[in-house]
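In this text the structure is predicted, and so the values were computed from the model without any measurement.
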Amino acid sequence: MKEFNQLCKEVEALDPLYYTAILGEKSAKIIPALSALTGNDVDGLTLFATFILGSVAADRKVTDEELLIAYPLMQTFFGDEVDLNSCADVARELKVNSRALKDTVDALVDLLGTLSEDLKDDIVFVCLMICAIDGKVSLRERNWIKKLVR
């Protein structure tokens, strides 16, 4: 993976209009790999959703911009079973419950250690994109991503 600070700057400079295309492309690679790892599609999708919602909550702020990127992804993956309020509720729960976020990070880091470098890079890039949707990757968001990279 590129040097971390340079990667953050590149992602911060991305035009949000390209987010959907990039996230769609990366998701098409990530979801089947996570599904194969877990043995079923639902668990693979749930893992990917956890990465995304953890990224939304990483800075302990749940912004409309982040939710407006995360929600269409969740709806694409899970259909009408997911609504904007449920995505916001999960992200806010992770935001206010620092123990839940820490446990989530620990579990995700363990999982990332079992994946190929290319897949790990794609997941980290997606998480970084979610963090950078407001044009800046905050210190808390950088720390979240750094934990995933370890």
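No chain of hydrophobic side-chain contacts below 4.5 Å, direct or via other Ile, Leu, Val, Met, Phe, Trp or Tyr residues, connects Val149 to Leu139.
Taking CG from Leu14 and CD from Glu10, the interatomic distance works out to 8.0 Å, rounded to the nearest 0.5 Å. Put simply, CZ on Phe125 and CG on Leu7 are 6.0 Å apart, with the number rounded to the nearest 0.5 Å. Once rounded to the nearest 0.5 Å, the distance linking CG of Leu37 with OG1 of Thr114 reads 5.0 Å. Atoms CG and NZ, on Asp121 and Lys26 in that order, are 8.5 Å from each other to the nearest 0.5 Å. Expressed to the nearest 0.5 Å, how far CG of Leu148 lies from CG of Asn143 amounts to 11.0 Å. To the nearest 0.5 Å, atom SG of residue Cys8 and atom CD of residue Glu141 are 9.5 Å apart.
In this view, Glu25 satisfies the side chain to side chain contact (heavy atoms under 4.5 Å, CB included) rule with no residue, not counting sequence neighbours. Annotation: side chain to side chain contact (heavy atoms under 4.5 Å, CB included) contacts of Lys136 (sequence neighbours excluded): Glu12, Asp134, Arg142. Partners of Lys29 under the side chain to side chain donor-acceptor pair (under 3.5 Å) rule, at least two apart in sequence or in another chain, are Asp122. Evaluation of the side chain to side chain donor-acceptor pair (under 3.5 Å) rule for Thr38 yields no partner, not counting sequence neighbours.
Taking every heavy atom of both residues into account, Phe51 and Trp144 meet most closely at O-CZ2, 3.9 Å.
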Would Ile123 and Leu34 satisfy side chain to side chain contact (heavy atoms under 4.5 Å, CB included), going step by step from the backbone distance to the final call?
CA-CA 10 Å; Ile123 291 170; Leu34 292 177; 4.3 Å; yes
Worked check of side chain to side chain contact (heavy atoms under 4.5 Å, CB included) between Ile22 and Val126:
CA-CA 8 Å; Ile22 294 169; Val126 166; over 6 Å; no
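Screening Leu128, Ile130, Thr50 against Ser55 for a side-chain contact (heavy atoms from CB on, under 4.5 Å) leaves a single residue, Ile130.
Looking at heavy atoms from C-beta onward, Cys131 lies in side-chain contact with Ile145 at the 4.5 angstrom threshold.
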